[in-house]
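Shown next, in structure tokens, is the structure this report addresses.
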Amino acid sequence: MEYQPNKIEAKWQKYWEQEDLFRAENFSKKPKKYILVEFPYPSGDGLHVGHCRSYTALDIIARKSRMDGYNVMYPMGWDAFGLPTENYAIKTGKHPQEVTKKNTDNFRRQMKSLGFSFDWSREINTTDPEYYKWTQWIFLQLYKKGLAYKEKMPINWCPSCKIGLANEEVVDGKCERCGMEVEKREMEQWMLKITAYADKLIEGLKDVDYPERIKEQQINWIGKSEGAEINFKGVHFDGKSEIEYDIPVFTTRLDTIYGVSALVLAPEHPIISNFKFQISNWKKIEKYIKKASKKSEMEKKDAKKEKTGVPLVGFSAINPFTGEKIPVWIADYCLANYGTGAVMMVPAHDERDFVFAKKYGLDIKEVVAPVEIDKGIKTITEAYTDDGILVNSEEFNGLVSRDARVKMISYAESKKFGRKQINYHLRDWVFSRQHYWGEPIPILYCEKCGEVAVPEKDLPVKLPDVKKYEPTETGESPLANIKNWVNTKCPKCGGKAKRETDTMPNWAGSSWYFLRYTDPKNNKVFADKKLLKYWMTICPASQKECNKGGVDIYNGGMEHTTLHLLYSRFWNQFLYDEGLVPCSEPYGKRTSHGMVLGEGGIKMSKSRGNVINPDNVVEKYGADTLRLYEMFMGPFGDAIPWDTKGVVGVKRFLEKVWLLGEKVNDQAPNPNDQLKRLLHKTIKGVTEDIDNFKFNTAISKMMILVNEISKEKEIPATYYMLLTTILSPFAPHIAEEIWERSSLKLRTPRKSIFEQKWPAYNKELAKDDEIELVVQINGKVRDRIPASADITEEHARELAFASEKISKYIEGQNVKKVIFTGKLVNIVV
RNA sequence: GCCGCCGUGGUGAAAUGGUAUACACGAGAGACUUAAAAUCUCUUGGGAGAAAUCCCGUAUCGGUUCGAGUCCGAUCGGCGGCACCA
């Protein structure tokens, strides 16, 4: 009978749903396993084949884990707040909620058609007031602890559209919609103090099983650097008298302080606007600041781009170590949002400073000499940026850089003009958006009481209906126009109050959703404590409570490494400190998938017209083929181009498996020993490959087995059923169908294949009994000799030296060394 | 630019520091067929040779090692992130 996926797939999807086979059971006696994939943003384009890839992979893990005896939770939900839906609403006038409903319905249908074993009873949606009530509640906890605060921050502003723009909407410094040059505009914004957790976020990585590259990316993003903050004395004449003030400077290279030629301020440094009227070249400075504000941070940091700057005429600074008076410049390669917004310029020992000093003719003074040479370099042709030995630094001469830094900090501390300082590259999280489609920030402004938190009993602060989804002309969110929503009473004094009209960024809802899955319908707390403990801390292996558990496996894309992954770790650590969740780290293990690219290796996009719609693939080849293909196409962690031709390969494989059913005969004689060994080897290989996320090689191993079995005239039913079982997590529909037919034939009770145990293999049979002993001369293969797998070194040497081919090479040669590795002999001559 | 990753046949790729190219696609030849499709069998990194066999080959250059696709250094090329796309 022909393999017709369309006939069997819907049948089994319905069966699984009716039998409720994938429900995660709270407090089950079985060991728990919480398997999580990043929930999607339900865009109007529908499911991307890239989504299918990671959901299939984790579905394989989930299905196999159930067969291994775990109580698995594999949930799914929607991260539905965000710009694309809002923009779509602006264009069509449809309510974002309506659009979201349509999109999530479509996503859910597509997911179901692929046979993913999600526990749909736990489905969540970040835009559901019953969900965002708790997002707002967590914000209030942060607020109460002083971790949410307001600050003026620059946003992208289009003067023609009169709206704030997301970075993505700014193309080459211009508004994506109208092409107008984008300006920076200062606006009061809600900020979250993630920097308070910088050390904890580094520290927490020690206990979790993340790929090294992810840990490294996060650590570098946080960018902890230890150094010193030194107060330079700023001096200028205001027409009547000399004014003095401190200009703090952060440096990790205090050892180079005797080589400072100038002080450089960021264009946004407060000193500049404070003393605006005393700067004699103000016009020039103003022009420079305006130009700099248009540059992106990337442009400013670019070491290859020309460095520019303007001196602050009449201003100077005093180096507290030397007492020397040095000029003060402003330059945009000094960034306002890192350190103190002021840096000391040491041209001899910093590349950017060197280029800058050369261009503007500033002093270049060597103060650190390379350790190995001490030639007294006269003309410096490039910056020496490594540590070395101090020269030209008075009492610190002769010290190595590291010691010099320690001594210099003590000196600065004793003289009270400096101290040890740790700086982070990490910046606080801008948490305000002037958009409609996000969680309203639950804050009120009372005429008498000032800023007031919305009482918890009044949550959620629901999004009101609006007519227009565009922001207002003042740059405020569209909510500002809904007067009867904005105007409210102060919960403290009952007086007049206005609501905050900013909404939260899309990242808010996704920063804690993994907690909600444990108890998705609770309306008293964000999740029940006992359920959090059960799902987040019970170690599946020991069934005992431990603090390292959290989600057992969390899969997502590399693109989320420094934002979502860090933000959600921050929220969880905060909730842990508040005693609200039982583990400090949310995810015990992190894995990541590679992107699915279009044919030819370019990104899939509507504009390129190379988007593959999973619906079409399912219709043409079946869900099992799509699943299997996406797992077979390459290593799970790598980006891989789609290849429609490649799909037929796995379809043929499934057809082959299907047709094997015709050869099954329970009276069949046991196949030969080699095939039996291959079967056990395959079970072992597939088991290990799934556990190691090596799905592509697991499939190739099954292909090899099927190719071998196909050569037999008759196949015992046990072989066929074992093969089907190890295939079942990959291609669940065909496996169920084969299992049912085999069960009927064997008259065993009908039960889902997913209620079966994962097969064990015989360790002895899974080993090779014969090998080809490889004989090398100087590392080059010269002969292969069949031998027993447990050959001794002595015997292997005998065989090697007895070989005719080998004797050719060693005749008249001096054998220096013989290396034996168990299956290889290397003779060094 | 900075941080992280990757580079192997015509293509997707496989390979605990130990036989480079498993598995699959494509291509070529053949079988079956009136024919086509499907299916099955064989060939398929480059070069030399009638063959046995030999030489070269994992982006480039160099190093470590008995032995390097794998480890180290440099270079070139590609991808992800760079804080308001998610």
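In this text, all values refer to a predicted model and were calculated from it rather than measured experimentally. Quick note on labels: first sequence line is chain A, next is B, and so on, each numbered from 1.
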Check: In whole Å, what separates the C1' atom of B:U44 from that of B:G9?
Finding: 10 Å
Check: A:Thr85: what forms a side-chain contact (heavy atoms from CB on, under 4.5 Å) with it, not counting sequence neighbours?
Finding: A:Tyr41, A:Pro96, A:Val99, A:Thr100, A:Trp437
Next item on the list: Report the residues that fulfil side-chain contact (heavy atoms from CB on, under 4.5 Å) with A:Asn707, sequence neighbours left out, ordered by chain and then residue number.
Entry: A:Lys656
Next item on the list: Would you mind telling me which residue lines up with the more 5' stretch of RNA chain B, A:Glu216 or A:Ser700, judged by nearest nucleotide?
Entry: A:Glu216
Notebook entry, point to check: Between atom CE in A:Met604 and atom P in B:C79, what is the gap in whole Å?
Noted result: 16 Å
Check: Taking atom C1' of B:G81 as reference, at what distance in whole Å does atom CD1 of A:Ile222 sit?
Finding: 15 Å
Margin query: Looking at A:Asn826 and B:C66, is any side-chain donor or acceptor paired with a base atom of the opposite kind under 3.5 Å?
Written below: yes
Margin query: Looking at A:Tyr210, I'd like to know if the NZ or CZ of A:Arg590 sits under 6.0 Å from its six-membered ring centre while staying within 45 degrees of the ring's axis.
Written below: no
Item checked: Interatomic distance where CD belongs to A:Glu772 and P belongs to B:G18 [whole Å] -> 17 Å
Margin query: Measuring only the P atom in each nucleotide, how far is B:A14 from B:G18? A whole number of Å is fine.
Written below: 16 Å
Next item on the list: Determine the contact category for A:Lys603: base if any of its heavy atoms lies under 4.0 Å from a base atom, sugar-phosphate if only primed atoms, P, OP1 or OP2 are that close, otherwise nothing.
Entry: sugar-phosphate
Next item on the list: Sticking with atom C1', work out how far B:G17 lies from B:A68, rounded to a whole angstrom.
Entry: 7 Å
Note to self: Roughly how many Å apart are B:C3 and B:U19, using the P atom of each and rounding to a whole number?
What the structure shows: 35 Å
Item checked: Salt bridge flag under 4.0 Å for residues A:Lys711 and A:Glu708 -> yes
Item checked: Salt-bridge contact A:Glu500-A:Lys150 (side-chain N to carboxylate O under 4.0 Å) -> yes
Notebook entry, point to check: CD1 of A:Ile806 versus C1' of B:C66: gap in Å, rounded?
Noted result: 15 Å
Next item on the list: For A:Ile704, report the nucleic acid contact type (base, sugar-phosphate, nothing); a contact means any heavy atom under 4.0 Å.
Entry: sugar-phosphate
Checklist line | Charged N-O contact under 4.0 Å between A:Glu183 and A:Lys162 | finding: no
Next item on the list: Treat a base pair as Watson-Crick or G-U wobble with both distances under 3.5 Å, then lay out RNA chain B in dot-bracket form, 5' to 3', with | for cross-strand pairs.
Entry: (((((((..(((.....[....)))((((((.......))))))((((....))))..(((((..]....))))))))))))....
Next item on the list: Let me have a per-nucleotide readout for nucleotides 37-44 of chain B, 5' to 3', with B, S or -, counting only protein heavy atoms under 4.0 Å.
Entry: --SS----
Notebook entry, point to check: Under the rule syn = chi within 90° of 0, otherwise anti, which is B:G9?
Noted result: syn
Notebook entry, point to check: Does the side chain of A:Tyr469 come under 3.5 Å of the side chain of A:Asn87 through a donor N or O and an acceptor N or O?
Noted result: no
Check: Which part of the nucleic acid does A:Gln217 contact within heavy-atom distance under 4.0 Å: base, sugar-phosphate only, or nothing?
Finding: base
Heteroatom pairs (N/O) under 3.5 angstrom, protein to nucleotides 9-16 of chain B:
from: B:G12; atom 1: O2'; to: A:Met633; atom 2: O; distance (Å): 2.4
from: B:A14; atom 1: OP1; to: A:Asn696; atom 2: ND2; distance (Å): 2.8
from: B:A15; atom 1: OP1; to: A:Lys694; atom 2: NZ; distance (Å): 3.4

Next item on the list: Between B:G57 and B:G7, how far apart are the C1' atoms? Round to whole Å, please.
Entry: 16 Å
Checklist line | Distance, rounded to the nearest Å, where A:Arg784 contributes CZ and B:A20 contributes C1' | finding: 11 Å
Notebook entry, point to check: What residues form a side-chain contact (heavy atoms from CB on, under 4.5 Å) with A:Asn106, not counting sequence neighbours?
Noted result: A:Arg109, A:Gln110
Margin query: Just the rounded figure in Å: distance from P of B:C3 to CD1 of A:Ile214.
Written below: 19 Å
Note to self: By nearest heavy atom, map A:Gly646 and A:Gly779 onto RNA chain B; which one lands nearer the 5' end?
What the structure shows: A:Gly646
Notebook entry, point to check: Salt-bridged, A:Arg797 to A:Glu793, with N to O below 4.0 Å?
Noted result: yes
Note to self: Within the 4.0 Å heavy-atom criterion, would you say A:Glu38 contacts the bases, only the backbone, or no part of the nucleic acid?
What the structure shows: nothing
Margin query: What is the distance, to the nearest angstrom, from the CE atom on A:Met558 to the C1' atom on B:G80?
Written below: 7 Å
Next item on the list: Go through the steps to decide whether A:Ser225 and A:Tyr338 satisfy the test side chain to side chain contact (heavy atoms under 4.5 Å, CB included), and finish with yes or no.
Entry: CA-CA 11 Å; A:Ser225 60; A:Tyr338 182 71; 3.2 Å; yes
Notebook entry, point to check: Are A:Asp689 and A:Thr697 close enough that a side-chain donor and a side-chain acceptor fall under 3.5 Å?
Noted result: yes
Restricting both atoms to N or O, compile the protein contacts to nucleotides 82-86 of chain B shorter than 3.5 Å, with distance only.
from: B:A83; atom 1: O5'; to: A:Asn167; atom 2: ND2; distance (Å): 3.4
from: B:A83; atom 1: N7; to: A:Arg427; atom 2: NH2; distance (Å): 3.4
from: B:A83; atom 1: N6; to: A:His425; atom 2: O; distance (Å): 2.8
from: B:A83; atom 1: N6; to: A:His425; atom 2: ND1; distance (Å): 3.4
from: B:A83; atom 1: N1; to: A:Arg427; atom 2: N; distance (Å): 2.9
from: B:C84; atom 1: OP2; to: A:Arg433; atom 2: NH2; distance (Å): 3.4
from: B:C84; atom 1: O4'; to: A:Arg433; atom 2: NE; distance (Å): 3.3
from: B:C84; atom 1: O4'; to: A:Arg433; atom 2: NH2; distance (Å): 3.2
from: B:C84; atom 1: O3'; to: A:Asn167; atom 2: N; distance (Å): 3.3
from: B:C84; atom 1: O2'; to: A:Asn167; atom 2: N; distance (Å): 2.4
from: B:C84; atom 1: O2'; to: A:Asn167; atom 2: OD1; distance (Å): 3.1
from: B:C84; atom 1: N4; to: A:Gln189; atom 2: NE2; distance (Å): 2.8
from: B:C85; atom 1: OP2; to: A:Glu168; atom 2: N; distance (Å): 2.8
from: B:C85; atom 1: O4'; to: A:Glu168; atom 2: OE1; distance (Å): 3.0
from: B:A86; atom 1: OP1; to: A:Leu83; atom 2: N; distance (Å): 2.9
from: B:A86; atom 1: O3'; to: A:Asp79; atom 2: OD2; distance (Å): 3.2
from: B:A86; atom 1: O3'; to: A:Asn506; atom 2: OD1; distance (Å): 3.0
from: B:A86; atom 1: O3'; to: A:Asn506; atom 2: ND2; distance (Å): 3.1

Below 3.5 Å is the cut-off: list the nitrogen or oxygen pairs between protein and nucleotides 57-59 of chain B, distance only.
none

Item checked: Integer angstrom distance from the P of B:A36 to that of B:A31 -> 11 Å
Check: Who are the side-chain contact (heavy atoms from CB on, under 4.5 Å) partners of A:Lys763, not counting sequence neighbours?
Finding: A:Tyr761
Next item on the list: Grab the two heavy atoms, one from A:Glu169 and one from A:Arg177, that are nearest each other, plus how far apart they are.
Entry: OE2-NH2, 2.9 Å
Note to self: We want to know whether A:Gln434 and A:Gln189 form a side-chain donor-acceptor pair, criterion being a heavy-atom distance below 3.5 angstrom.
What the structure shows: yes
Next item on the list: Rounded off to whole Å, could you give me the CD-to-C1' distance for the A:Gln776 and B:A68 pair?
Entry: 12 Å
Report all interatomic pairs (protein N or O, nucleotide N or O of nucleotides 70-73 of chain B) with separations under 3.5 Å.
none

Note to self: Check this one for me: any side-chain N or O of A:Lys817 less than 4.0 Å away from OP1 or OP2 of B:C66?
What the structure shows: yes
Note to self: Measuring only the C1' atom in each nucleotide, how far is B:C79 from B:U41? A whole number of Å is fine.
What the structure shows: 42 Å
I'd like a list of close polar pairs between nucleotides 50-56 of chain B and the protein, N/O only, cut-off under 3.5 Å.
from: B:C54; atom 1: OP1; to: A:Tyr809; atom 2: OH; distance (Å): 3.2
from: B:C55; atom 1: OP1; to: A:Arg782; atom 2: NH2; distance (Å): 3.4
from: B:C55; atom 1: OP2; to: A:Arg782; atom 2: NH1; distance (Å): 3.3
from: B:C56; atom 1: OP2; to: A:Lys780; atom 2: NZ; distance (Å): 3.2

Check: What pairs of residues pass the side chain to side chain donor-acceptor pair (under 3.5 Å) test when at least one of them lies in residues 624-640 of chain A, not counting sequence neighbours?
Finding: A:Asp59-A:Arg627, A:Asp624-A:His733
